[in-house]
Amino acid sequence: MGIRLHNSATRAKEDFVPIDASNVRMYVCGPTVYDRAHIGNARPVVVFDTLYRLLRHVYGEAHVTYVRNFTDVDDKINATAQARKAAGDARPLEALIRERTEETIGWYHADMDALGALRPKIEPRATDYIGQMVAMIAGLIAGGHAYAKEGHVLFRVRSYAEYGRLSGRSVDDMIAGARVEVAPFKEDPMDFVLWKPSDADLPGWESPWGRGRPGWHIECSAMAHELLGAEFDIHGGGLDLQFPHHENEIAQSCCAGHGFARVWMHNEMLQVEGKKMSKSLGNFFTVRDLLEKGVPGEVIRIVFLGTHYGKPMDWTAEKAAQAEATLRKWRGLVAGIDPAPTPLPGVVAALSDDLNTAGALAECHAAAGRGDYAGLLASARVMGLLTEEMGEWARGVDLSGLAAKLSTLREAAKASKDFAPVDALKSALLAAGVEVRMSKDGVELMPGAGFDATKLEAL
RNA sequence: GGCGGGUUGGCGGAGAGGUUACGCAGCGGAUUGCAAAUCCGUGAAGGCGGGUUCGAUUCCCGCACCCGCCUCCA
């Protein structure tokens with residue numbers, strides 16, 4: 001059974017047929033590297049990483065090219081660099097910008113690695129492709145799809161008849177909505193910026209239209225073309241990018257004569273405790289915040305996979321706790337087990353059905369229930385779970401000393417009939433999140449949900 | 001105002017036009033010094049109103065409510 005994917009462009013689930021099965025190509029919009037990634041930024045990363053893993057499983061690791069960009073041209077980055085300069089840093093602005101984006105990319109890699117996301121094969125930075133952007137913009141002007149005015153270059157939206165199709169809007173409706181930036185240099189209020197001038201306090205590159213910098217949308221069109229060719233298989237990103245970002249990408253690329261992406265995929269947004277994440281509500285946090293709070297990356301990942309990517313997902317502490325318990329249980333079951341040579345057919349089938357990760361996890365639960373631990377392990381790993389690299393958090397601390405102590409107390413209590421000392425130690429262990437198993441055969445201690453090693457130190 | 005999505009049992013969350021989702025929690029039992037864990041068993045659903053159908057939670061229409069995007073926040 002082949003892969004079927006919901007294509008945002010056609011609003012239908014379609015059989016996935018790669019243009020070239022020996023080189024399946026996927027482009028995903030990556031982060032603007034101005035600060036730590038928040039928890040919402042992580043959802044597309046995990047979603048498309050899971051798709052990447054599925055594609056590699058089906059077509060072979062060497063036959064999938066995954067590109068995810070870093071947007072390192074951005075006013076927020078500029079603002080940070082300018083702030084550092086204002087604070088007395090004597091280095092040139094470009095150096096400060098480079099420093100800021102370098103450190104942010106480092107954070108991003110560390111945080112996404114912790115979620116078990118494979119690094120894409122290519123991670124281009126926008127600033128390394130300015131030449132391609134300039135060339136593409138020049139081509140659009142030559143073709144009558146864009147125009148230069150007052151140092152700006154604007155895309156002429158009316159020159160692309162299909163504009164609005166991806167997001168289901170018409171240009172006229174959008175203008176009626178009157179939420180568009182009106183600028184004197186625009187022929188039409190919907191026209192968007194391909195290139196804009198930079199003053200001395202902003203990073204800029206020489207171009208036929210003067211020193212300036214690219215608008216946001218052109219980078220993806222130019223980099224996708226450069227790295228994946230005029231036509232490729234899948235383009236992904238968060239639903240919030242569907243309009244205007246992806247709409248504009250399509251307009252630019254198609255007017256430049258590129259076939260561009262065949263399948264568009266958008267993940268729905270993430271909420272926190274039932275509400276849109278926002279700084280004002282106080283429910284805003286980064287991936288790093290969670291990791292530092294002791295929520296393992298693997299737990300974050302499985303929580304994400306518990307909801308289909310096409311539906312809004314709610315991040316809650318309750319879900320994280322349940323997920324942690326599930327992972328501890330599974331890790332216990334597969335300890336010392338070699339993975340089966342192939343993942344369970346039911347899991348692959350679920351993932352192949354538009355990335356039904358929740359269904360795939362249900363199959364894993366079923367495998368655990370019937371004792372097929374090798375199948376469970378192989379299947380979980382296709383989804384980036386139960387891998388060795390991610391298991392550090394669940395690896396046991398040595399509890400044998402405490403187990404022996406409890407066992408001794410218990411034997412004594414059985415003789416004396418005074419179980420108070422046993423119960424006292426047991427309560428303390430439970431309070432530290434340790435699972436206490438006492439049977440006829442002896443005592444067994446396991447880290448459980450909410451395990452906190454620091455609480456054991458006093459014991 | 002325009003566009004899009006959602007509404008499933010106590011909670012989370014899938015698939016399927018008719019047969020048990022699954023997980024967590026609950027309940028009963030086994031087990032236990034008491035528990036935990038484990039095992040066995042078990043109750044519980046499909047926003048509202050129409051329509052199609054032998055039969056709809058699943059398809060179609062309408063309504064209500066919720067959410068998102070339209071503001072270079074994924």
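Owing to the predicted nature of the structure, the values given are computational and were not obtained by experimental measurement. Every chain is numbered from 1, with letters handed out A, B, ... down the list of sequences.
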Margin query: Does A:Asp423 reach a base, just sugar-phosphate, or nothing at all? Heavy atoms under 4.0 Å.
Written below: base
Notebook entry, point to check: Where the side chain of A:Asn356 is defined as all heavy atoms beyond and including C-beta, which of B:A74, B:G15, B:G68 is the nearest nucleotide?
Noted result: B:G15
Notebook entry, point to check: Tell me: CG of A:Leu402 to C1' of B:A36, nearest whole Å?
Noted result: 16 Å
Notebook entry, point to check: Any side-chain N or O of A:Thr326 under 4.0 Å from OP1/OP2 of B:G23?
Noted result: no
Next item on the list: Answer with yes or no after comparing the ring centroid distance for A:His235 and A:Phe260 against a 6.0 Å cut-off, counting only values under it.
Entry: yes
Note to self: Between A:Pro244 and A:Met269, which residue's closest nucleotide on RNA chain B lies nearer the 5′ terminus?
What the structure shows: A:Pro244
Next item on the list: Quickly work out the A:Leu425 CG to B:C34 C1' distance and round it to whole Å.
Entry: 15 Å
Note to self: Strictly below 4.0 Å: does A:Lys319 bring a side-chain N or O up to OP1 or OP2 of B:C24?
What the structure shows: no
Notebook entry, point to check: For the base of B:G68, is there a side-chain donor-acceptor partner from A:Asp240 under 3.5 Å away?
Noted result: no
Item checked: Distance in angstrom units between A:Leu361 CG and B:G13 C1', rounded -> 10 Å
Check: NA contact type, A:Val45, heavy-atom cut-off 4.0 Å: base, sugar-phosphate, or nothing?
Finding: nothing
Note to self: Over all strands shown, is A:Glu318 touching base, sugar-phosphate only, or nothing at heavy-atom distances under 4.0 angstrom?
What the structure shows: nothing
Margin query: Do the side chains of A:Arg328 and A:Glu324 get close enough for a salt bridge, i.e. N-O under 4.0 angstrom?
Written below: yes
Margin query: So if I take every side-chain heavy atom of A:Val436 and compare against B:C67, B:A35, B:A14, which nucleotide ends up nearest?
Written below: B:A35
Item checked: Among B:C69, B:C34, B:A74, the one nearest A:Thr32 by side-chain distance -> B:A74
Check: Taking A:His38 as the fixed residue, which of A:Tyr108, A:Trp107, A:Trp315, A:Phe284 is the one that meets the ring-ring contact (aromatic ring centres under 6.0 Å, His included) rule?
Finding: A:Phe284
Notebook entry, point to check: Would you say A:Lys414 has more than 12 foreign heavy atoms packed within less than 6.0 Å of its NZ?
Noted result: yes
Note to self: Whether A:Arg4 and A:Asp354 form a salt bridge (side-chain N of Lys/Arg under 4.0 Å from carboxylate O of Asp/Glu) is what I want to check.
What the structure shows: no
Margin query: Can you measure A:Arg410 atom CZ to B:C34 atom C1' for me and round it to whole angstrom units?
Written below: 11 Å
Note to self: I want to verify a distance call: between B:A14, B:A74, B:C24, whose nearest atom is closest to the A:Lys329 side chain?
What the structure shows: B:C24
Note to self: Considering every strand and a 4.0 Å limit on heavy-atom distances, what is the contact class for A:Phe419: base, sugar-phosphate, or nothing?
What the structure shows: base
Check: Taking the six-membered ring for Trp, are the ring centroids of A:His245 and A:Trp216 within less than 6.0 Å of each other?
Finding: yes
Next item on the list: Looking only at non-hydrogen atoms, find the nearest pair between A:Ala403 and A:Leu445 and report the distance.
Entry: N-CD1, 3.5 Å
Notebook entry, point to check: Starting at the 5' end of RNA chain B, which residue's closest nucleotide do you reach first, A:Gly168 or A:His365?
Noted result: A:Gly168
Check: Taking CH2 from A:Trp315 and P from B:G12, how many angstroms apart are they, rounded to a whole number?
Finding: 16 Å
Check: Please give, in whole Å, the distance from B:C69 C1' to A:Leu166 CG?
Finding: 12 Å
Checklist line | Rounded distance in Å between the P positions of B:G4 and B:C24 | finding: 39 Å
Item checked: Below 4.0 Å: OP1/OP2 of B:G33 and any side-chain N or O of A:Lys426 -> no
Note to self: Just the rounded figure in Å: distance from P of B:C69 to NE2 of A:His246.
What the structure shows: 15 Å
Margin query: For the C1' atoms, the ones on B:G15 and on B:G51, what distance do you get once it is rounded to whole angstrom?
Written below: 25 Å
Margin query: Please report the distance separating the C1' of B:U8 from the corresponding atom of B:A14, rounded so that it comes out in whole Å.
Written below: 10 Å
Checklist line | Spacing of the P atoms in B:G12 and B:C67 (rounded, Å) | finding: 15 Å
Next item on the list: Pick the P atom in B:G13 and in B:G2, then give their distance to the nearest Å.
Entry: 30 Å
Item checked: Nearest-angstrom distance, P atom, B:C59 to B:G18 -> 11 Å
Next item on the list: Determine, for A:Tyr34 and A:Lys76, whether the Lys NZ or Arg CZ falls below 6.0 Å from the six-membered ring centre while staying within 45 degrees of the axis.
Entry: yes
Next item on the list: Could you give me the stems involving RNA chain B, meaning stretches of three or more consecutive Watson-Crick or G-U wobble pairs whose two defining distances are both below 3.5 Å?
Entry: B:1-7 with B:64-70, B:10-12 with B:22-24, B:26-30 with B:38-42, B:47-51 with B:59-63
Margin query: I'd like to know whether the aromatic ring centres of A:Trp264 and A:His246 sit less than 6.0 Å apart in this structure.
Written below: yes
Notebook entry, point to check: When you look at CZ of A:Arg165, are more than 12 heavy atoms from neighbouring residues, nucleotides or ligands closer to it than 6.0 Å?
Noted result: no
Next item on the list: For the side chain of A:Arg437, starting at C-beta, report the closest nucleotide among B:C72, B:A36, B:A14.
Entry: B:A36
Next item on the list: For B:G47 versus B:C65, give the span between their C1' atoms, rounded off to a whole number of Å.
Entry: 8 Å
Next item on the list: Indicate, with a heavy-atom threshold strictly under 4.0 Å, whether A:Gly40 touches base, sugar-phosphate, or nothing.
Entry: base
Notebook entry, point to check: Under 4.0 angstrom, heavy atoms only, what part of the nucleic acid is A:Leu239 near: base, sugar-phosphate, or nothing?
Noted result: nothing
Next item on the list: May I ask you to decide if the ring planes of A:Phe192 and A:Phe155 are parallel, tilted or perpendicular, using 30° and 60° as cut-offs?
Entry: parallel
Check: Which whole number of Å gives the distance between the C1' atom of B:G10 and that of B:C48?
Finding: 22 Å
Item checked: Distance-only donor-acceptor test, A:His38 side-chain atoms vs B:A74 base atoms, 3.5 Å -> yes
Check: Which part of the nucleic acid, if any, lies within contact of A:Lys196, taking any heavy atom under 4.0 Å across all strands shown: a base, the sugar-phosphate backbone alone, or nothing?
Finding: base
Note to self: Nearest to the A:Glu268 side chain among B:G33, B:G5, B:U7, which nucleotide is it?
What the structure shows: B:G5
Margin query: Nearest whole Å is fine: how far is B:C73 P from A:Asp74 CG?
Written below: 8 Å
Next item on the list: Please determine, for the side chain of A:Leu241, which listed nucleotide (B:C24, B:G4, B:A74) has the closest atom?
Entry: B:A74
Next item on the list: Determine the contact category for A:Arg169: base if any of its heavy atoms lies under 4.0 Å from a base atom, sugar-phosphate if only primed atoms, P, OP1 or OP2 are that close, otherwise nothing.
Entry: base
